[in-house]
Engineer: 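Attaching a single structure in structure tokens format; questions to follow.
Values reported hereafter were calculated over all heavy atoms of this structure, with side chains retained and with hydrogens, waters and symmetry mates removed. Since the structure is predicted, the reported quantities are computational estimates derived from the model, not experimental observations.
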Amino acid sequence: MGTTRVRGAAPGVALAGLLRGLAAGLSRLRAPLLALEAARGQLFGFVPVGLALGIGTYFALAAEPSAMDWAGAGAVALVCLGLWRRGPGAVQPLAGLLLLALIGAGLAAVRTHTLAAPVLGWHYYGAIEGRVVAIDRSLSDAQRLTLDQVVLERVPPHRTPTRVRVALHGDQGFLAPEPGMRVMLTGHLSPPAGPAEPGGFEFARHAWFQQIGAVGYTRTPVLLLAEAEPAGPAQAITRLRMRISGAVRAAMPGEPGAFAAAILTGDRSGIGRETLDALRGSNLAHLLAISGLHMGLLTAIVFGAVRYGFALVAPLALRLPSKKIAAVVALAAAAFYLSLSGGNVATQRAFVMVAVMLVAVLADRRAISLRSVALAAIILLVLRPEALTEAGFQMSFAATVALVAVFGALRRWRAERPRWRPPRWAAAPLGVVTCSAVAGLATAPVAAAAFNRIAEYGLLANLLAVPVMGTVVMPAAVAAGVLAPLGLSAPALKVMEAGTRWILWVAEWVAGLEGAVVPVVQPQPWVLPLMALGALWLILWPDRARLAGLAVMLAALAGWTQAPRPPLLVAETGTLVGVMTPQGRLLSKASGEAFVARSWLEADGDGASVREAAARAGADRAAGTLRFAVDGWPVVHLTGRGAAGRVGEVCAGGALVILGADLPEPVAGDCRVIDRAELGRSGALAIWPAPEGLRIVSARALGGQRPWSWR
């Protein structure tokens, strides 16, 4: 009977233990749930966070959601809406966050399919006709044209890309391209390339949202078919941009004029590769993008000038709302600057942020606050959800949120200690140093992840250059714009030239310092989002629980330091491979596919040049044959003339054969052959050792089948 009682009591004991554990768990949850309920009125800053979670999830999916998936998401959204409006207090914020995430995913999907346009599905060579809509430079420093209204020989209109981008090589001295011109050329076009490695930068997605359906090059002269059309406000603004750019470059010959034209009109076509490298190496490349800094300086100068102008006329200052009038004039100046710059993405983002702040002034609200930054982020994410994936968006908001949070904390700290004030002469220098340090620290992780480098002396360069940008270059630019209709802009342009020369000198000097650029390994995809979430929690959460965000950031940073790199990478053409050795990645060739090779080395955190990497030891080389091992497994790379015919000679011992050509028929032997045709279907490969052999991960498998996938 005793044994029976013990057996019969066991379920009751287990159930009681389960209930006690559940009660203990709920008691632990009670405190955070109560904190969440108490913070409901202070969580507006998390609205763009919720949208961003949904947008990021959509772009990370391996396959496009089906109609049934969206129906299920819609049902969940309705439930979340009900809980957000009528649910328990602690549940409402969580339901609202999930609802925002679902809305964000829906916005991203709508934007993706709204911009759907034909993508070229094959290699094309022939006549290309179109209208020039943008001019810039490629990585090889060649001038590059983006064309719309495209006509391709023997390609029907419904299969012709909406836009194409063509790099100009060879002798191109016959025509100076301008936006609006209709041109013709003979060139090569291909679909936008896939990632250089699995999980790498998705250029095809970037091109999709610009409606660029093909990229290529020409070695023949570009011919003019028709001058820019005179009608239409867009063309009038474009002509004005190009006239201003030409006038500025004529008044300031060389790189200073090209730099000034870039910050005034967004025309970067005149900036040389060496200047760009110096600006990037000194962390001053952000000065080129007409973004928050430029828009903020312009509106601040205009706003201050109008207010001080009213202050000089006492009757007007006493009778008119000078602050609001100044805000309206500054907003109009910002809108004109937006149109003059060509309306690129960075400038649109900056305009939205500035407009939100100036409208806050009109509404008698604080212009610069976390709420206004959150509102600007909401507007941008609703209008352009894909901006979330762009480094410019991430860096802009990282810097802005950090600056607002830090200066807000300093303001509260000074209010609690009214006796502590820095000397007046030190206030401005301290403000500049604080701004540069905070913005630099906030944007450093994004810049390191996007460009695989850290500018060691970026703070020094910004301290020397940004004040000149704000006190010399931009005020002189505004003065030149005001005086230009009177023909009196020359003195202001001279002042502007002196400022730009100083900035370029600083960039060249800092970039030339020993150890100015430190290579950084590419983090895993989850690292940067986790770091951003931790930072936002640290800034936005209203009580001491915010410190948990710091722990999340440290965990993400620790994960970054452990980022693994593939032992073997294979380009999608099959003509380039890179194997990791104790000295770094060894490349199979020193020239050709330089973009892919540089991308691999940068992602490794390797500062070597392509030629240095190709000269490393660790493989046996022969004519068109490279032999090496990955964790003991033999690998052979075959390229050059007759490569397919040599497969039989090396196909033994379970070797992996990478063939930079098509294999016409299977070969006998104990090996695994990956030829160019297979790579064309799979994209670039990352190969890892595994207990059963070698594990092969393709760009197609990792990226999934999405609308921008052209294969």
Side-chain angles (χ1 to χ4, degrees), residues 46 48-62 101 104 108 195-203 205-206 283 377 381 385-402 405 438-456 458 517-541 546-567 569 580 585 599-607 684 686 688 697 699 701-704:
F46 283 96
V49 176
L51 292 174
L53 287 172
I55 293 168
T57 300
Y58 171 81
F59 286 122
L61 294 175
E197 62 176 272
F201 173 66
E202 189 76 51
F203 174 71
R205 183 179 66 196
H206 178 73
N283 198 28
L381 290 174
E386 72 278 8
L388 179 69
T389 64
E390 300 168 359
F393 177 93
Q394 298 163 12
M395 294 176 71
S396 291
F397 279 97
T400 306
V401 170
V438 170
L441 287 173
T443 58
V446 181
F451 308 117
N452 302 113
R453 62 172 67 181
I454 293 178
E456 280 285 280
V517 177
V518 177
V520 177
V521 68
Q522 183 72 31
Q524 298 183 71
W526 55 268
V527 168
L528 205 58
L530 187 64
M531 190 176 293
L533 288 173
L536 289 169
W537 183 270
L538 178 66
I539 292 170
L540 298 176
W541 192 254
R546 68 175 59 191
L547 294 178
L550 186 59
V552 172
M553 294 172 65
L554 292 175
L557 189 61
W560 195 332
T561 63
Q562 303 301 316
R565 292 294 298 152
L569 289 168
M580 192 65 76
R585 193 170 299 279
S599 297
W600 290 353
L601 294 174
E602 289 172 359
D604 291 338
D606 190 339
W688 305 78
V697 179
L702 202 60

Engineer: Between Phe59 and Glu202, is the side-chain contact (heavy atoms from CB on, under 4.5 Å) condition met? List the steps.
Structural biologist: CA-CA 11 Å; Phe59 286 122; Glu202 189 76 51; over 6 Å; no
Engineer: Check whether any side-chain heavy atom of Trp560 sits under 4.5 Å from a side-chain heavy atom of Val520, and report yes or no.
Structural biologist: yes
Engineer: What closest approach, in Å, do Ala686 and Pro198 show between heavy atoms, and which atom pair accounts for it?
Structural biologist: N-CG, 3.5 Å
Engineer: Taking all non-hydrogen atoms of both residues, which atom of Trp600 and which atom of Ala196 are closest, and how far apart?
Structural biologist: NE1-O, 3.0 Å
Engineer: Working to the nearest 0.5 angstrom, can you tell me the gap between Leu536 CG and Phe397 CZ?
Structural biologist: 11.0 Å
Engineer: Looking only at non-hydrogen atoms, find the nearest pair between Ala405 and Ile539 and report the distance.
Structural biologist: CB-CG2, 3.7 Å
Engineer: Working to the nearest 0.5 angstrom, can you tell me the gap between Leu530 CG and Met553 CE?
Structural biologist: 10.0 Å
Engineer: If I take atom CE from residue Met531 and atom CH2 from residue Trp526, how far apart are they, to the nearest 0.5 angstrom?
Structural biologist: 9.0 Å
Engineer: Quick check: closest heavy atoms across Val521 and Asn452, and the distance to 0.1 Å?
Structural biologist: C-ND2, 4.1 Å
Engineer: Measuring from Gln524:CD to Gln562:CD, what's the distance to the nearest 0.5 Å?
Structural biologist: 9.5 Å
Engineer: What is the ring orientation for His206 with Phe201, classed by angle as parallel under 30°, tilted 30 to 60°, or perpendicular over 60°?
Structural biologist: tilted
Engineer: Which pair of non-hydrogen atoms, one from Ala387 and one from Phe393, has the smallest distance, and what is that distance?
Structural biologist: O-CB, 3.0 Å
Engineer: Going from CG on Leu538 to CG on Leu533, what distance comes out if it is rounded to the nearest 0.5 angstrom?
Structural biologist: 12.5 Å
Engineer: Any non-hydrogen side-chain atom of Pro519 less than 4.5 Å from a side-chain atom of Asp606?
Structural biologist: no
Engineer: Restricting to non-hydrogen atoms, name the atom on Val527 and the atom on Gly559 that form the minimum distance, rounded to 0.1 Å.
Structural biologist: CG2-C, 4.2 Å
Engineer: When rounded to the nearest 0.5 angstrom, what is the spacing between CZ in Arg585 and CE in Met580?
Structural biologist: 3.5 Å
